[in-house]
Undergrad: 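Structure below; questions to follow.
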Amino acid sequence: MSTTRREFMAAAGATGLAFAQQQTKPNIVFILADDLGYAHVGCYGQKEVQTPNIDRLAAEGLRFTSAYSGCTVCAPSRSTLMTGQHTGHTRVRGNRRPEVPLRPEDTTVAELLKKVGYRNGIFGKWGLGPAETGGIPNKKGFDDWFGYLDQVHAHNYWTDALWDNKEEYFVIKNQSAKKGAYSHDLIADRALKFIEESKGKPFFLYAPFTLPHGNFDPPSDAPYSKRDWPQDIKDVASMITRLDKSVGDIMAALKKNGLDDNTLVIFTSDNGPLPKSREYLNASGIYRGAKRDVYEGGIRVPFIARWPGRIRQGVTDQPIAFWDFLPTACELAGVAAPRNIDGISYLPTLFGKGQQKQHDYFYWEFHERGFSQGIRMGDWKGIRLDQGKPLEVYNLKDDPSEKNNVAAKEPAVVAKLEKILAGARTPSEYWPEPRKSRTAAK
């Protein structure tokens with residue numbers, strides 16, 4: 001353990017390793033929505049879409065207002081979550097075709113939790129390794145897996161096949177070109193089954209549900225059928241409310257099985273909303289941009305943590321990012337995190353105890369539409385939309401909507417951000433800088 005890590009653990013008190021050693025190891029449930037914007041849900045300001053279960057989760061837990069996804073599109077965001085490394089270091093840094101799989105040396109949070117007795121399940125969309133590679137969930141620490149390996153396949157909610165661990169699961173009801181079984185419902189049912197089957201030992205349930213990502217083809221657009229909206233907006237709203245029901249079902253299953261008081265539940269999204277949702281549903285709130293932007297609307301996401309009797313209720317503006325989940329889960333479970341990560345445990349913030357270590361900076365890179373980069377250092381936000389373009393600079397405290405580029409007025413800040421950007425990433429054969437044109441999944 002490094003000196004910095006040792007000093008932090010001493011300051012944090014009995015929030016992590018000591019807690020895990022003295023108590024029954026807690027269960028961890030991580031629910032990940034797909035393309036759900038910061039303000040797509042009621043507790044973050046949504047006025048039109050019904051999300052009572054997510055709102056209840058926020059009322060009973062801690063709601064973060066400065067939480068960031070790993071990237072502004074799905075695959076790299078999930079890679080940062082699993083590996084604890086930001087997009088300058090993690091293996092999967094973009095939606096590249098063919099997919100880049102995780103390697104044996106890319107340690108996931110599931111592999112680490114498995115070392116200390118956790119049963120791990122994933123139900124939804126993986127995106128970090130196709131079949132016949134070492135990057136599939138069953139080779140990255142998960143005991144039970146059901147869903148989509150590939151993010152493009154996940155566009156089809158009425159698919160005739162999903163993955164059930166290492167075998168294909170044929171959806172018979174959809175094989176005659178009929179819409180007989182909606183994939184999200186099948187996946188959500190498997191998540192509930194996992195809870196039932198795992199109640200005798202600590203478990204990690206990772207639920208990267210596909211809602212409300214397109215294609216926008218839900219079983220029904222209820223309860224929004226009579227709204228004067230474009231059809232795809234009715235469908236998105238219906239998908240969000242369906243997602244909300246699944247959140248409620250998971251919470252009910254935990255309570256039914258006597259697991260509620262020993263389970264950390266986290267709810268968040270992999271990136272910002274599509275621009276049309278931002279336009280019609282104000283899905284980014286006050287923030288500029290949407291999915292595929294490194295502006296706040298593309299990466300700032302809803303993030304709620306609940307654990308009765310352990311996590312304080314309320315709201316926090318403590319900045320965190322997806323790569324912080326791995327060290328947080330490891331500290332909670334009592335297993336050492338790898339040294340080569342970018343994340344910092346946020347247990348002190350969750351428990352309201354000890355000293356929360358702060359990031360020097362947060363970093364994002366995006367490999368579609370050129371090569372863009374984002375960086376947050378304190379209240380300063382830097383954005384480069386492509387190599388060769390000047391750095392934009394915003395003061396998020398004074399200008400959270402990123403309307404006023406102050407780069408010309410803040411040369412010292414620009415110089416500091418440029419220095420950090422120069423060393424924030426490691427070279428990658430798949431993700432060169434500047435990035436050459438490649439075909440990317442939408």
Side-chain angles (χ1 to χ4, degrees), residues 31-55 69 72-74 77 95 123-125 127 147-148 150-160 162 171 173-174 177-189 191 207-250 267-285 289-293 297-298 301-302 441-442:
I31 306 170
L32 182 66
D34 198 331
D35 288 6
L36 186 79
Y38 179 89
H40 251 147
V41 294
C43 53
Y44 283 87
Q46 178 57 227
K47 303 298 184 184
E48 304 294 337
V49 183
Q50 300 171 26
T51 56
N53 294 297
I54 297 169
D55 298 344
S69 63
T72 189
V73 291
C74 63
S77 194
N95 284 350
F123 308 96
K125 183 171 80 174
Y148 298 94
D150 181 275
Q151 58 256 29
V152 175
H153 180 204
H155 293 180
N156 183 3
Y157 285 92
W158 302 99
T159 181
D160 60 5
L162 294 164
V171 186
K173 291 182 178 180
N174 291 340
K178 295 180 180 179
K179 295 182 178 181
Y182 194 58
S183 65
H184 170 77
D185 297 345
L186 298 175
I187 289 166
D189 285 346
F209 292 145
T210 48
L211 301 178
H213 193 291
N215 295 335
F216 305 122
D217 190 17
S220 165
D221 59 9
Y224 308 100
S225 305
K226 296 182 179 181
R227 294 296 186 97
D228 184 21
W229 295 340
Q231 185 58 51
D232 55 350
I233 296 300
K234 294 180 185 180
D235 290 340
V236 168
S238 174
M239 293 164 81
I240 294 171
T241 297
R242 198 178 199 91
L243 168 69
D244 181 79
K245 178 185 180 300
S246 294
V247 172
D249 290 344
I250 287 174
F267 173 85
T268 186
S269 175
D270 65 347
N271 48 249
L274 288 173
K276 195 168 182 179
S277 265
R278 181 175 183 267
E279 176 185 355
Y280 281 89
L281 297 175
N282 192 35
S284 296
K291 181 178 180 178
R292 298 188 178 87
D293 292 322
V301 290
K442 294 183 180 180

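Everything quoted here is computed from the prediction, not taken from an experiment.
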Undergrad: Is there a donor-acceptor contact under 3.5 Å from the side chain of Ser269 to the main chain of Gly37?
TA: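 No; zero donor-acceptor contacts below 3.5 Å.
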Undergrad: Working note: Val49 + Tyr224, criterion side chain to side chain contact (heavy atoms under 4.5 Å, CB included); need CA distance, chi angles, decisive distance, verdict.
TA: CA-CA 9 Å; Val49 183; Tyr224 308 100; 3.6 Å; yes
Undergrad: In chain order, what residues pass the side chain to side chain contact (heavy atoms under 4.5 Å, CB included) check against Ala39, with sequence neighbours excluded?
TA: none
Undergrad: If you look at every heavy atom in Pro302 and Thr268, which pair is closest and at what distance?
TA: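 Heavy atoms only, the tightest pair is O-OG1, 2.7 Å.
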Undergrad: Okay, side chain of Arg278, backbone of Pro273: is any donor-acceptor separation there less than 3.5 Å?
TA: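 Here the side-chain-to-backbone pair does not exist.
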Undergrad: Using the rule given for side chain to side chain contact (heavy atoms under 4.5 Å, CB included), can you reason through His40 versus Val236, listing the C-alpha separation, both sets of side-chain angles and the distance that settles it, and then say yes or no?
TA: CA-CA 10 Å; His40 251 147; Val236 168; 4.2 Å; yes
Undergrad: Taking all heavy atoms of Ala33 and all of Phe267, pick out the closest pair and write down the distance.
TA: CB-CZ, 4.3 Å
Undergrad: Using a strict 4.0 Å threshold on nitrogen-to-oxygen distance, state whether Arg227 and Asp221 make a salt bridge.
TA: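 The answer is no: the pair does not qualify as a salt bridge.
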Undergrad: Answer yes or no: is there a donor N or O on one side and an acceptor on the other, between the side chain of Asp160 and the main chain of Asn174, under 3.5 Å?
TA: no
Undergrad: Taking side chain to side chain contact (heavy atoms under 4.5 Å, CB included) as the definition, give me every residue that meets it alongside Thr72, ordered by chain and number, with sequence neighbours left out.
TA: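 Side chain to side chain contact (heavy atoms under 4.5 Å, CB included) check on Thr72 returns Ile299, Phe366.
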Undergrad: Checking Tyr157 now: which residues fulfil ring-ring contact (aromatic ring centres under 6.0 Å, His included) with it, not counting sequence neighbours?
TA: Tyr182
Undergrad: Side chains of Gln50 and Asp244 only: does a donor on one sit below 3.5 Å from an acceptor on the other?
TA: no
Undergrad: Provide the closest heavy-atom pair for Leu274 versus Ala290 in the form atom of the first, atom of the second, distance.
TA: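 Between these two residues, the closest heavy atoms are C-CB, 4.1 Å.
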Undergrad: Locate the shortest heavy-atom distance separating Asp217 from Lys179; write the atom from each residue and the value.
TA: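 That would be OD1-NZ, 2.8 Å.
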Undergrad: Can any side-chain N or O of Ser77 pair as donor or acceptor with the backbone N or O of Asp270 at less than 3.5 Å?
TA: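 Side chain of Ser77 to backbone of Asp270: a pair is present.
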Undergrad: What's the shortest heavy-atom distance between Ser69 and Gly298, and which atoms?
TA: OG-O, 4.2 Å
Undergrad: Looking at side-chain heavy atoms only, is the closest gap between Asn95 and Cys74 below 4.5 Å?
TA: yes
Undergrad: Run the side-chain hydrogen bond (donor to acceptor under 3.5 Å, both in side chains) check on Tyr148 and Thr159 step by step: do they pass?
TA: CA-CA 10 Å; Tyr148 298 94; Thr159 181; 5.4 Å; no
Undergrad: Going through the checks in order, is the side chain to side chain contact (heavy atoms under 4.5 Å, CB included) test met by Tyr44 and Leu36?
TA: CA-CA 12 Å; Tyr44 283 87; Leu36 186 79; over 6 Å; no
Undergrad: Would you indicate whether the side-chain heavy atoms of Arg242 and Pro219 approach each other to under 4.5 Å?
TA: yes
Undergrad: Taking the side chain from Gln151 and the backbone from Lys125, do they hold a donor-acceptor pair closer than 3.5 Å?
TA: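 Answer holds: no.
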Undergrad: For the CD1 atom of Ile31 and the CG atom of Leu243, what is their distance to the nearest 0.5 Å?
TA: 8.0 Å
Undergrad: Does Gln46 form a side chain to side chain contact (heavy atoms under 4.5 Å, CB included) with Ile240? I'd like the steps, not just the answer.
TA: CA-CA 11 Å; Gln46 178 57 227; Ile240 294 171; over 6 Å; no
Undergrad: Taking only residues two or more places apart in sequence, or in another chain, which ones meet Phe209 in a ring-ring contact (aromatic ring centres under 6.0 Å, His included)?
TA: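 Phe209: ring-ring contact (aromatic ring centres under 6.0 Å, His included) contacts with His184.
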Undergrad: With sequence neighbours excluded, tell me which residues meet salt bridge (charged side-chain N to carboxylate O under 4.0 Å, His left out) with Asp35.
TA: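 Expected list: Lys291.
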Undergrad: If you round to the nearest 0.5 Å, how far is CG of Leu211 from CG of Leu32?
TA: 11.5 Å
Undergrad: Mind checking side chain to side chain contact (heavy atoms under 4.5 Å, CB included) for Lys276 and listing every partner two or more places apart, or none if nothing turns up?
TA: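 So Lys276 forms a side chain to side chain contact (heavy atoms under 4.5 Å, CB included) with Pro230, Asp232, Ile233, Tyr280.
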Undergrad: Atom OG of Ser220 and atom CG of Asp235: how far apart are they, to the nearest 0.5 Å?
TA: 8.5 Å
Undergrad: Could you state the interatomic distance from CG (Asp150) to CG (Asn156), rounded to the nearest 0.5 Å?
TA: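 Output value for this atom pair is 11.5 Å.
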Undergrad: Roughly how far, to the nearest 0.5 Å, is NZ of Lys245 from OG1 of Thr51?
TA: 15.5 Å
Undergrad: Which value, rounded to the nearest 0.5 Å, describes the distance between Ser183 atom OG and His155 atom NE2?
TA: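 Taking OG in Ser183 and NE2 in His155, the distance rounds to 12.0 Å.
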